[in-house]
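Remember, predicted model here, so these are calculated numbers, not experimental data.
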Amino acid sequence: MIRLTTRASVLAAAVAAALLGPLTAAPGQATEPVLVDPRPVPMLRRAVLVSDPLVRIGDLVENAGAVAAVPVFRAPDVGTTGSVSTALVLDALRPHRLFRVEVGDITEIEVTRAGRIVTVADIQARILQAFAGQYGLGDAANLTLTVERDVRPFAVEPTSHGELVVARSSYDPRSTRFDITFEVPGSQAARRVPLRFTGTLVEMTEAVIVTRAVQRGDVLKTTDVLIERRPRHEVPIDAASPRDRVAGLAIRQNLRAGQVIRRGDLTKPDLVRRDDTVTMIYEAPGLMLTTRGKAIESGAEGDMITAVNVQSKRTVQGIVTGAGQITLVSATPRVLAAAAVESAGSVPGASGPGALKPGE
């Protein structure tokens with residue numbers, strides 16, 4: 001604390017000392033008041049945050065008074081932090097007659113230049129947004145981005161509210177290569193940062209693939225198929241959709257593991273194979289007869305195939321309605337009755353001119 005006395009008080013004390021000798025206050029007698037400087041003591045700051053390109057005395061020293069606005073150092077780059085030693089600060093203050101500064105245990109001052117950080121995620125998202133829906137590409141969510149050089153965050157002035165604006169861009173769908181350059185309006189710091197990016201941009205789509213090698217005629221199970229994201233140019237136009245029912249269908253041709261399934265690769269599985277023994281069903285209102293037959297051709301559910309009655313050797317046609325089962329297409333009740341006779345071999349008690357016989 002700085003102590004000040006008036007000139008009159010000093011003079012009076014000198015006279016009293018000369019005439020009376022050493023002056024001592026009697027018990028209970030009031031002593032002369034000591035005047036204290038009302039101005040606050042300048043104090044060094046330990047850490048400061050600045051937004052201007054110059055560091056001023058008021059940034060470094062609390063209670064700097066009239067010289068607070070005087071610049072003494074250059075600030076670090078936007079968004080970065082530097083330090084300056086206490087000795088250098090005191091040297092910079094002397095020309096401005098700021099001698100008595102409370103330093104304490106501070107050996108250096110940390111100076112941070114304020115800035116708004118543009119992150120790597122911001123840059124990548126802006127690249128995707130710039131190309132989404134352009135050059136035949138789809139939504140940004142379906143684009144996979146690869147940048148050739150390291151993308152690093154950078155800072156712009158806190159007063160700069162501008163976003164990354166595309167200055168120029170290009171894309172080659174055949175090579176999937178892109179070239180884009182950004183700028184940040186109103187930012188001097190951004191002009192010192194390389195904002196040109198190149199790389200590849202690939203649109204991805206979901207495809208249904210087989211997880212193992214399958215042979216023609218194999219019926220796919222749930223574990224045989226997988227939905228995987230693939231580059232769109234590698235997925236055929238007629239590829240099966242993830243919404244399509246694939247499990248339970250048969251494969252028309254051999255497929256290797258990892259191959260994309262086309263809609264044309266799928267078919268309903270054969271429930272009846274050629275030369276299989278089948279159950280033939282004859283149906284009519286109030287009547288159902290069954291007999292054995294032999295399939296002449298293969299067929300899936302709903303297919304019309306030809307079969308032979310193994311007893312009568314009659315060739316018939318029917319619709320595949322289940323595994324090893326066909327339902328005959330009935331023409332007339334007479335045919336059904338004849339089939340019943342053939343199936344049974346003979347009808348007991350059937351005789352006379354009105355009895356039905358096989359072939360009638």
>> Test side-chain contact (heavy atoms from CB on, under 4.5 Å) on M288 and Y282; report intermediate values, then the result.
In response: CA-CA 5 Å; M288 185 178 76; Y282 304 86; over 6 Å; no

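- Using modelled atom types, one finds a donor on one side chain and an acceptor on the other under 3.5 Å when comparing T321 with T327.
- Side-chain atoms of V278 and V272, non-hydrogen and from C-beta on, do get closer than 4.5 Å to each other.
- Between N309 and V316, the closest side-chain pair of non-hydrogen atoms is not below 4.5 Å.
- Considering only residues two or more places apart in sequence or on other chains, V193 meets the side chain to side chain contact (heavy atoms under 4.5 Å, CB included) condition with F154, L195.
- The pair R46-D105 counts as a salt bridge, with a side-chain nitrogen and a carboxylate oxygen less than 4.0 angstrom apart.
- Within the model, atoms CD of Q259 and OG1 of T211 stand 13.0 Å from one another, a figure rounded to the nearest 0.5 Å.
- The side-chain heavy atoms of F197 and S169, taken from C-beta on, include no pair separated by under 4.5 Å.
- Taking the charged nitrogens against the carboxylate oxygens, R262 and D238 do have a contact shorter than 4.0 Å, which makes a salt bridge.
- Put simply, the side chain of T86 gets close to the backbone of T107: a donor and an acceptor are under 3.5 Å apart.
- Here the options are H233, E228, E234, the test is side-chain hydrogen bond (donor to acceptor under 3.5 Å, both in side chains), and the partner is R230; only E228 passes.
- Note that the CD atom of E157 and the OG atom of S187 stand 4.0 Å from one another [nearest 0.5 Å].
- Grouped with V103 in one hydrophobic cluster are L44, V48, V50, V55, I57, L60, V61, V67, V70, V72, F73, V84, L88, V89, L90, L93, L98, V101, I106, I109, V111, the linkage being side-chain heavy-atom contacts under 4.5 Å among Ile, Leu, Val, Met, Phe, Trp and Tyr residues.
- Between the side chains of E108 and S85, no donor-acceptor pair is found at a separation under 3.5 Å.
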>> Could you walk me through whether T198 and E148 satisfy the side-chain hydrogen bond (donor to acceptor under 3.5 Å, both in side chains) test, starting with their C-alpha distance in whole Å, then the side-chain angles of each, then the deciding distance to 0.1 Å, before giving a yes or no?
In response: CA-CA 6 Å; T198 58; E148 289 181 337; 2.8 Å; yes

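- Counting heavy-atom neighbours within 6.0 Å of R263 CZ, excluding the residue itself, gives a total above 12.
- Closest heavy-atom contact between V151 and V120: O-CG2, 3.2 Å.
- The CD1 atom of I305 sits 9.5 Å away from atom CG of L271, with the distance rounded to the nearest 0.5 Å.
- Proximity of V225 to I261: side-chain heavy atoms (C-beta onward) are separated by under 4.5 Å at one or more points.
- Nearest heavy-atom pair, P242 versus I227, reported as atom, atom and distance to 0.1 Å: CB-CD1, 3.6 Å.
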>> Run the side-chain contact (heavy atoms from CB on, under 4.5 Å) test on I180 and V166 for me, step by step, so that the C-alpha distance in whole Å, both residues' side-chain angles and the decisive distance to 0.1 Å come before the verdict.
In response: CA-CA 7 Å; I180 191 168; V166 178; 4.0 Å; yes

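- Heavy atoms from other residues, nucleotides or ligands lying under 6.0 Å from CZ of R243 number 12 at most.
- Once rounded to the nearest 0.5 Å, the distance linking CG of L220 with CD1 of I251 reads 4.0 Å.
- A salt bridge is absent between K294 and D276; no separation between the charged side-chain nitrogens and carboxylate oxygens falls under 4.0 Å.
- Linking Ile, Leu, Val, Met, Phe, Trp and Tyr whenever their side-chain heavy atoms come within less than 4.5 Å puts L255 and V208 in one cluster.
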> What do the steps show when you test D303 against I319 for side-chain contact (heavy atoms from CB on, under 4.5 Å), and what is the final call?
Replying inline: CA-CA 6 Å; D303 290 348; I319 298 174; over 6 Å; no

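- Hydrophobic clustering of Ile, Leu, Val, Met, Phe, Trp and Tyr side chains at less than 4.5 Å, counting indirect connections, keeps I281 apart from L328.
- To the nearest 0.5 angstrom, Q253 atom CD is 10.0 Å from L266 atom CG.
- Counting only heavy atoms from C-beta outward, the side chains of R56 and P71 approach each other to under 4.5 Å.
- The pair R113-D77 does not count as a salt bridge, with every side-chain nitrogen at least 4.0 angstrom from each carboxylate oxygen.
- Side-chain contact, T112 with T81: a donor N or O sits under 3.5 Å from an acceptor N or O.
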> So L201 and T176, side-chain contact (heavy atoms from CB on, under 4.5 Å) or not? Walk me through it.
Replying inline: CA-CA 5 Å; L201 199 60; T176 70; 5.8 Å; no

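- By the rule that hydrophobic residues join a cluster once side-chain heavy atoms approach within less than 4.5 Å of another member, L128 and F182 end up as members of one cluster.
- Annotation: side chain of R177 is not in contact with side chain of Y171 (no heavy-atom distance under 4.5 Å).
- At a cut-off of 3.5 Å, with distance as the only test, no side-chain donor of T279 or Q325 sits close to an acceptor on the other residue.
- Under the 4.5 Å side-chain heavy-atom criterion for grouping Ile, Leu, Val, Met, Phe, Trp and Tyr, M204 is not connected to F178 through any hydrophobic cluster.
- Under the salt bridge (charged side-chain N to carboxylate O under 4.0 Å, His left out) criterion, E203 pairs with R232, not counting sequence neighbours.
- Side-chain contact between T205 and N142: absent, with no pair of heavy atoms (C-beta onward) separated by less than 4.5 Å.
- Sparse packing is recorded around CZ of R196, with 12 or fewer heavy atoms of other residues, nucleotides or ligands lying under 6.0 Å away.
- Other residues, nucleotides and ligands contribute only 12 or fewer heavy atoms inside 6.0 Å of the CD atom of E110.
- The line from CG of L249 to CG of D244 is 9.0 Å long, rounded to the nearest 0.5 Å.
- Summarising the local packing, CZ of R273 is surrounded by 12 or fewer heavy atoms from other residues, nucleotides or ligands at distances under 6.0 Å.
- The hydrophobic cluster containing V147 does not contain V202, counting ILVMFWY residues as joined when their side-chain heavy atoms lie under 4.5 angstrom apart, directly or transitively.
- Taking each heavy atom of V219 and P269 in turn, the nearest pair found is CG2-CB, 3.7 Å.
- You'll find the side chain of Q124 stays beyond 4.5 Å of the side chain of I127, heavy atoms only.
- Here the closest non-hydrogen pair linking A239 and V235 is CB-CG1, 3.6 Å.
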